[in-house]
Amino acid sequence: MLWTRKAAMELIEHEYGKKMPIRTVGDYLKRWGFTPQKPAKRAYEQNPKAVKK
């Protein structure tokens, strides 16, 4: 599962009751090593029978 700044911001607000600007959340995520990633468009392991079905 990929984290987005918005999802992290909502989690912080839900868990701690603190509203933070989305840019600040992005700065924290970057500082903690959570880099932006795009989901892979193609699976590396495919099951041809399942795909055909």
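For the single chain, residues carry numbers from 1 onward in sequence order. Everything numeric here is computed off the predicted structure, so don't read it as measured data.
Here the shortest heavy-atom pairing between Ile12 and Lys18 reads CG2-O, 3.8 Å. In terms of heavy-atom proximity, Val25 sits nearest to Arg5 at CG1-O, 3.6 Å.
Just one of His14, Lys6, Glu13 meets the side-chain contact (heavy atoms from CB on, under 4.5 Å) condition when paired with Glu10; it is Lys6.
A search for side-chain contact (heavy atoms from CB on, under 4.5 Å) contacts involving Phe34 returns Leu29, Trp32, not counting sequence neighbours.
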